[in-house]
Amino acid sequence: EETEPGREEEKERKKRRRRKRKKKESKTRTVRSNLLLPGPEAEKPQRSPLANNCLKTTKYTALSFLPKNLFEQFHRLANVYFVFIALLNFVPAVNAFQPELALAPVLFILAVTAIKDLWEDYSRYRSDNEINHMECLVYCRNEKKYMNRYWKEVEVGDFVQLRCNEIIPADILLLSSSDPDGLCHIETANLDGETNLKQRQIVRRFLELDSEFDPLKFTSLIECEKPNNDLSRFRGYIVHKNGKRDGLYKENLLLRGCTVRNTEEVTGIVIYAGHETKALLNNSGPRYKRSKLERQMNIDVLWCVLILIVMCLFSAIGHGLWVWQYGEKKPVFDVPGLDGNYLSPVLAAVYLFLTMIIVFQVLIPISLYVSIEIVKVCQVFFIHQDKELYDEETDSQLQCRALNITEDLGQMQYIFSDKTGTLTENKMVFRRCTVSGIEYSHDANARRLAMYQEADSEEEETAAKGGTLSQRNSVSSHQSIKVVHRSLSMKSHRRTGSRAEAKRASILSKHTAFSSPMEKDITPDPNLLEKVNECARSLEVMRSHEQSLSQLTPELSDIFDFFIALTICNTVVVTSPDQPRQKVRVRFELKSPVKTIEDFIRRFTPSRLTSGSNSSSSSSLTTSKSMPRLGSSILSSTSTESTLLKLEEKLAHSPQMNNNGYSSQQGRRAIGSRPEEGELRYEAESPDEAALVYAARAYNCALVGRLPDQVSVELPHLGRLTFELLHTLGFDSIRKRMSVVVRHPLTDEINVYTKGADSVIMDLLLPCSSDDPRGKHQKKIQSKTQNYLNLYAVDGLRTLLMHECLSESSIENREELLFQSALHIETNLHLLGATGIEDRLQDGVPETIANLRKAGLQIWVLTGDKQETAINIAYACKLLDHDEEIITLNAESLETSAALLDHCLLYIESKFSNNTINKTAGSMTVGFGPLSPPSSLVHSSLGLVIDGKTLAYALDKTLEDKFLSLARRCRSVLCCRSTPLQKSMVVKLVRDKLKAMTLAIGDGANDVSMIQVADVGVGISGPEGMQAVMASDFAVPRFRHLEKLLLVHGHWCYSRLANMVLYFFYKNAMFVALLFWYQFYCGFSGSSMIDQWYLIFFNLLFSSLPQLITGVLDKDISAEVLIGVPHLYKSGQKMEEYQPHMFWMNMIDALYQSLVCFFIPFFTYYDSEVDLFSWGTPITTIALFTIILHLAIETKTWTLLHWSSCIFSILLFFIVALVYNVSCPICYPPSNPYWTMEKLMGEPVFYLICIISPVVALLPRFLYRTLQGTAFPTQLQLGRQLNRLPPETRNQILNRLNIKKESIPQKPRCAEHSPQNPQSNASDCFKACNQTPPSQPSQHGNDPAFPSTTRAEHTTGLSVTASPPGALLSGGNKHSSMESMSVEETFPWNTTVDQSGFSLLNWITSTPLFSRFGRVLQLSPRRLQNEVQDNVSVLGSISSLHQDFKGLTGNSLKISSLFVNINSISPPYKYTSIL
Amino acid sequence: MAVNYNAKEEADGHTSGVGVAGGGAAGGAGKSRKPDNTAFKQQRLPAWQPILTAGTVLPAFFIIGLIFIPIGIGIFVTSNNIREYEIDYTGTDSSSPCNKCLNVSWNSTPPCTCTINFTLDQPFETNVFMYYGLSNFYQNHRRYVKSRDDSQLNGDNSSLLNPSKECEPYRTSENKPIAPCGAIANSMFNDTLELFHIDNETRIPITLNKKGIAWWTDKNVKFRNPFGTTNNLTALFQGTTKPVNWPKPVYMLDSEQDNNGFINEDFIVWMRTAALPTFRKLYRLIERKNNLQPTLQAGKYSLDITYNYPVYSFDGRKRMILSTISWMGGKNPFLGIAYITVGSICFFLGVVLLVIHHKYGNRNNSADIPN
């Protein structure tokens, strides 16, 4: 959402360019109704350029398949090479084989690929067909009504009617809706995956039509832009018959692929159809990435080419010499050329060179690419089939979108993860709250949540298949209603807390945004519920007795307001699922929604007049500013009292006020017939909001309706209250709060309810005087709340404060207040309470992270969230440890960043120069330990936190190296507030500079760039949609699935493929070497003793199956062990299975083996009567045996398939040979192997050779494997041994291992660490002294790790925030470039120290509490900005400035860019700022 | 940032995509995407997982050793029992009787003859095979090997008159097709060897059986004379000409009808191209007449050679070999020695591994895993 300005500029430029291009084309699309034109003939010429809605994604037609496919295949270099060789065979002078035969393998390969392409194309064709034959309602001129038509028949200019839950067939301009407001809700999950509903509006002028829309009367002309792929833009205008024009915007366009929701019927005209729809224009095919292994393999293929050339050259020279030695005396066996002339030695050599290329062509593994493709497809299949990567809750499994980088998964070194939605569920759950200083812990709720977690295991079986109804797939609207009913009934039955139920329900209610039962079913805290009831009861009593509200104790009134705030201070839309279009509403005569501030004010004026107060309209800006401060101390007590009294009177006297919603009868009814809780659904823009509304509903304070101008709330005993909604100040990330301005129906006062991040809100609070008892009380409440907030933060809860500002308390200057700026509404707030919302970590995230880290993966979290939130989540998911030292980099300029980086590096150097030595020495233990010494670079005790601004500097060309060298020394890196571009830059930096394998995982659109940059991009198919998934190579349902994906499948894929590739090289080299040796005995004439049929089909037929089976199925270590001993993953990172030298080792082995396989038959048959092919056939046989047995040595797991494939291969060879050798006495020249095999098999010598040769050939390798496995087993081999143990023993060992591993990092680095003497620790361990009270700034200077420059600055340092001074050390001196660094040493959490042991009052941490609203919300202020017109200055900037000023408390200085704030973030468990 | 939108996923939402539910209109209703829990799909097929360690492979080494050594000894003994006698009659040595014929050409008339006397120290008890051996003769040259027409040799009449192009440049001579065509046939070995037992200065000719030296399948299936109404080979080969180097046409190779023309066994044997430049080819059989006396007694023999075949130009060698054979063919100690050696090495390695196993033995099991 945040993009760097540069990027934005670029975008703009692009857009402009696009626009320019468009201008050159200078055409827009003109659409008119198809119903208008009299005859189809007239349309024809115009229609032709416009695509119809027929979808065609197939590449080929029946006719074009062959040429087109061949053309594509020849784009591959390898294919061209092999065809070249095959064609070379047709040249008589150089041909080695029968030309036709030589074509066979090439044709085979081409055919296999072609069949694969054909099959893919066919499946595309089928799916196209399926889509093309979906039906929709199209207006038919002849019938004068909507008729069912296939999608493919829809054309531009057609009128299409869509019912609820139907999928939109084309891009349609919305002309009519059954919704009275002319709205239509669509779900764009298919496009961007966002499951929340988006509003679309019908074209302005059609809204004013009173009668039903009639397509026949539609005579307007639509001018719009040419089809383009910009989903977020649509421009055009509609020209009515009377010549009037209306603009068209993207709000008017229904995009193909979206689903109509909550709207009974909509009608529109098709603007773009088929391939011109925005959805399809956005469609890009799968990307092709080359895996690391493949890159390495390609290098080795080049080596093979070199070897080939050397061998050919050698042979050619040999042949030249051989010819030359005979001189003029031509021997009988040297056959002259066709013309009877002998070739000169040189020419013979040249020809022979080409011949040899043909003969040795197998060295370049023709089938390698095909085999790899096959293997990868199978690997992908198996990954898909893994049931552990299946998520029941979303009924989704892992998707491999890139087919060719499976093995990269086994070599990852860095993981870059998004936070929200990736590590966390992005599901906000209301956990606890505090109201007026009293905490309601909601233990029952916590238990319920825990139950969800626990029930996880049981649910496996109970998860009812029937529950996963495909209601979301229903197309026909008739069906869908039924289905919705069904889902409803199911929901009403569901009351248990089982997670399986929850999952099912969440599947059912999928199309409602953010409303899994976990979020909805909040168990109220009994105490609070009691109080709420009490409050409601007393309110009712008061109402009936016409008493004032002031009878309520302040606490109760706070509680009351708290829930009102929870309920209405949001933008949640209420929908009811049983009717497609039923916004619950009590519509009353109020006007159109507030659009502008003037409007707002205009509306205020009459109310002021009616209130009849003696307002001084002359009250100036200044007074208004000061007024609330003064009036604030009066607080609600008196004023509320009086106004309420007033209200009560009014109520009695003016019955029309009942309109405002206060109606006892209505209320009673509402209580009696309280709707089932499942009935109302809340659609929120951000999950936080939904969570709060659901929480309020748990206390019977339910939001029942929201219109642009009013909010209805249903309260116990009181019934339905309708608040007139005067204004909404949307949430934005700068202000970090939102407010609603409402007229309270009970008091008829105008209230402002604000909610927002604590750090912001606390500053806006009403200052309370400590002398006044009331103020004292208030202050106490505030401090108590703050304490609780800190507690919440420790638990990783997102906190929001609820506030009420009684702006009506000084009704007189209300309008002036507004006149200045909406901002001032939000000042002088009265604290109601705070809520703690949990963005729950996904299941198993800490374990996954721990395991991945043990596997040697460095995990970086790149998040757009703010620092505090990110750090807390990082602690929660064990990314940061409590005994970890955290370096925080916050700098405001390039120079400071540079200095900071230098200091940190220096610091680390000094700190760890001796530490590491100890560490590596200490870890030399038995077993896995010594084999996996921790990478000395990575200090397990360092964490790096860097914010977006500093990151921008750190990514500067001059600093990136320093940044990297610092970052790679840290165990975990946390980048906060980073933009999508920064995310991708970080990934790119690591990928390019460290040459590391990077994996990026994320779930949202802001992660797309990072996902695309990384070597492997993983998308989480979460609620934030499919954008990340679309860009990714792999999509997993959950973060925890990454563990198995990497550790198990990654390892397997890597190890399998690496072994297969190596084997391939070996196999071909070994086979070709046999031929090479023979050249020494045939005058380098290019002759081969192996029958050309064997030669050509050896790779293709006889030896291919076993290696494929092994490549697909071989499992060196079982999944349990791989998960249990994550260290094994390191083998992939270090490329242990396929190192460059291994290629050469294999080549040497191949050389040796071929020597054996050649010379044993050679000596056996030396000087005998054996003929060429009777001698070559045993060699072929031996080679086959050797090759297969070699594979057998390399195969780690023998399943039935392995056995059968090996046996099948050998049998196949013999069968083929036997059949081939009897099939035809005169065929197959020149070998003409008639009866050769039969005769050989009658001779004992044949068997004797076949036995001894493989044994001799494989002896070295076998011995090597044995010795190495015995004496120097690799980790993998140990893992395999572990594998073989009986399960119980294995589990024991695994457990022991894990315990051991965990115990290592717990080793305290500073033995003397103890909470009792933090000061001494500070100096001992070079600790930066955040704990140091501000009165001892010199302490910083004492720290030897810090340069003296820091000293000065601390003395001048200005504590600017309300938080304790130790927390935020900020250099306040504006123009001196200063830096400070404080690295905080934290203590391992001592479990023996009970949390309650701390004095909460003293527990004032530096952690400014965090808040986060969904990013969706951030749109609203922008919208607001547009609405707020010139007379009011732009809100955003004011608010941010305002906030900044706030921070400086009266300091009027501008904050310069040199402001340095290098503060160390304190982890939750720490002792700071003890007063 | 452009949103990727995959048409395919729109198409079959049921196979991919989580939120991509919309398109699944026709998609499987109520069908969960949960993968099947089968051993194959979950990669849990029952498997044998051998681990190569000294302990596990020890027996294999001993077994190989124990099997190979006896086999080797058996082969070695068998090979040693084979009697073999070899004479190089190329005549490169000036003392050799055949020295005079060294520069003979293909069609020299009269033919050069020479006689070489030799002595067999030990009798040859069983059937004796008489070979001619050539060295440094590259019968496996690529173009040489190809230079034949199998269908012509199989008696195909059309090929007889129109031989394959592979035979070039030995395909036609004087505008007549050559029968048999090609370089192999053209270079056929044409020395005549006769063996005499010299018993008290008298030369007793030894019966050399010229039939049964070729593969049965070659003689009866692969090689056939042209088919015709007449049995007269001269008529059948009408229209063809002899190979350039041959003194006489193919239908005059032998007097006997069933050993003449393409089915002449000497010709068939020659046509089976040797694998290596040093080779021998069966020339004649000397069958044991009765059980009372050996096939070839120890004593003096003389070999009469009609020296026609020029090898000197390419440094070739010509040999005559007399040999008995065993179940494993001719005399060749290599295989036996190889088996014995490999067997011994394996046995030795077995011992080494045993030591290693004892040394590292306790590392090989679960104890290996740190605890």
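In what follows, chains carry the letters A, B, and so on, assigned in the order in which the sequence lines appear, proteins first and then strands, with residues in each chain numbered from 1. As the structure is a computational prediction, the values presented were derived from the model and not from experiment.
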Treating [X] as the side-chain partner and [Y] as the backbone partner, does any N or O pair qualify as donor plus acceptor under 3.5 Å?
| X | Y | answer |
| --- | --- | --- |
| A:Thr1199 | B:Leu45 | no |
| A:Lys1115 | B:Gln43 | yes |
| A:Ser1087 | B:His141 | no |
| B:Asn332 | A:Thr1164 | yes |

What part of [X] lies closer than 4.5 angstrom to a heavy atom of chain A: side chain, backbone, both or neither?
| X | answer |
| --- | --- |
| B:Pro277 | both |
| B:Asn245 | side chain |
| B:Tyr309 | side chain |
| B:Ile64 | side chain |
| B:Ile345 | side chain |
| B:Ile75 | side chain |
| B:Gln42 | side chain |
| B:Glu86 | side chain |
| B:Phe314 | both |
| B:Val342 | side chain |

> ring pair (Phe, Tyr, Trp, His ring centres under 6.0 Å) between B:Tyr138 and A:Tyr326: does it pass, once the steps are laid out?
Replying inline: CA-CA 12 Å; B:Tyr138 289 87; A:Tyr326 293 113; 7.1 Å; no
Rounded to the nearest 0.5 Å, what's the gap from [atom1] on [X] to [atom2] on [Y]? Could you check?
| X | Y | atom1 | atom2 | value |
| --- | --- | --- | --- | --- |
| B:Leu153 | A:Ile1226 | CG | CD1 | 10.0 Å |
| A:Asn1232 | B:Arg148 | CG | CZ | 6.0 Å |
| A:Cys1227 | B:Asp150 | SG | CG | 9.0 Å |
| B:Cys346 | A:Leu1263 | SG | CG | 9.0 Å |
| B:Ile71 | A:Ile1252 | CD1 | CD1 | 9.0 Å |

>> Can a side-chain donor-acceptor contact be found between B:Asp218 and A:Tyr1234 if the only test is distance below 3.5 angstrom?
In response: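 A:Tyr1234 vs B:Asp218: no donor-acceptor pair found between side chains.
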Option that, when pairs with chain B are counted at under 4.5 Å, heavy atom only, ranks first among [options]:
| options | value |
| --- | --- |
| A:Thr355, A:Val1245, A:Leu1248, A:Thr1197 | A:Leu1248 |
| A:Ile1251, A:Leu1200, A:Val1256 | A:Ile1251 |
| A:Ile1160, A:Leu1201, A:Thr1195 | A:Ile1160 |
| A:Pro1225, A:Cys1082, A:Ala1119 | A:Cys1082 |

Engaged part of [X] at the chain B interface, taking heavy atoms whose separation is under 4.5 Å:
| X | value |
| --- | --- |
| A:Lys1196 | backbone |
| A:Ser1174 | side chain |
| A:Leu1267 | side chain |
| A:Ser1088 | neither |
| A:Val1170 | both |

For chain A, the option from [options] that forms the most heavy-atom pairs under 4.5 Å:
| options | value |
| --- | --- |
| B:Tyr131, B:Phe223, B:Phe129 | B:Tyr131 |
| B:Arg171, B:Glu168, B:Lys222 | B:Lys222 |
| B:Tyr170, B:Tyr144, B:Phe68, B:Tyr339 | B:Tyr339 |
| B:Gly343, B:Ser313, B:Ser187 | B:Ser313 |
| B:Thr217, B:Val352, B:Asn154 | B:Thr217 |
| B:Asp149, B:Leu335, B:Leu276 | B:Leu276 |

> Hey, does the Lys NZ or Arg CZ of A:Lys1239 hover above the aromatic six-ring of B:Trp215, less than 6.0 Å from the centre and inside 45° of the axis?
Replying inline: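 Yes - A:Lys1239 lies over the ring of B:Trp215, closer than 6.0 Å to its centre and within 45° of its axis.
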>> Below 30° counts as parallel, above 60° as perpendicular, anything between as tilted: where do the rings of B:Phe40 and A:Phe382 land?
In response: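 Ring orientation, 0 to 90° scale: perpendicular.
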> Less than 4.5 Å apart, any side-chain heavy atom of B:Asn186 and any of A:Val332?
Replying inline: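 A side-chain contact under 4.5 Å is absent here.
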>> Is any side-chain heavy atom of A:Gln385 closer than 4.5 Å to one of B:Thr38?
In response: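 Result no, sub-4.5 Å side-chain heavy-atom pair not found.
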> Quick check, are the ring centers of A:Tyr1165 and B:Phe279 under 6.0 angstrom apart?
Replying inline: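 For A:Tyr1165 and B:Phe279, the ring centres are not under 6.0 Å apart.
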>> So that I know where these two stand, are A:Phe333 and B:Phe137 an aromatic pair - ring centroids less than 6.0 Å apart?
In response: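 That pair passes the under 6.0 Å test.
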> Going through the distances and angles, do A:Glu388 and B:Lys41 end up as a salt bridge (charged side-chain N to carboxylate O under 4.0 Å, His left out)?
Replying inline: CA-CA 12 Å; A:Glu388 284 175 40; B:Lys41 286 186 174 174; over 6 Å; no
> Under the side chain to side chain contact (heavy atoms under 4.5 Å, CB included) test, which residues partner A:Pro1244, sequence neighbours left out?
Replying inline: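 Once residues adjacent in sequence are excluded, the partners of A:Pro1244 under the side chain to side chain contact (heavy atoms under 4.5 Å, CB included) criterion are B:Trp327.
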> Going through the distances and angles, do B:Phe61 and A:Phe1262 end up as a ring pair (Phe, Tyr, Trp, His ring centres under 6.0 Å)?
Replying inline: CA-CA 11 Å; B:Phe61 277 89; A:Phe1262 191 68; 5.7 Å; yes
>> Could you work out, with salt bridge (Lys or Arg N to Asp or Glu O under 4.0 Å) as the rule, every residue matching A:Asp1167, not counting sequence neighbours?
In response: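 Salt bridge (Lys or Arg N to Asp or Glu O under 4.0 Å) list for A:Asp1167, sorted by chain: B:Arg280, B:Arg319.
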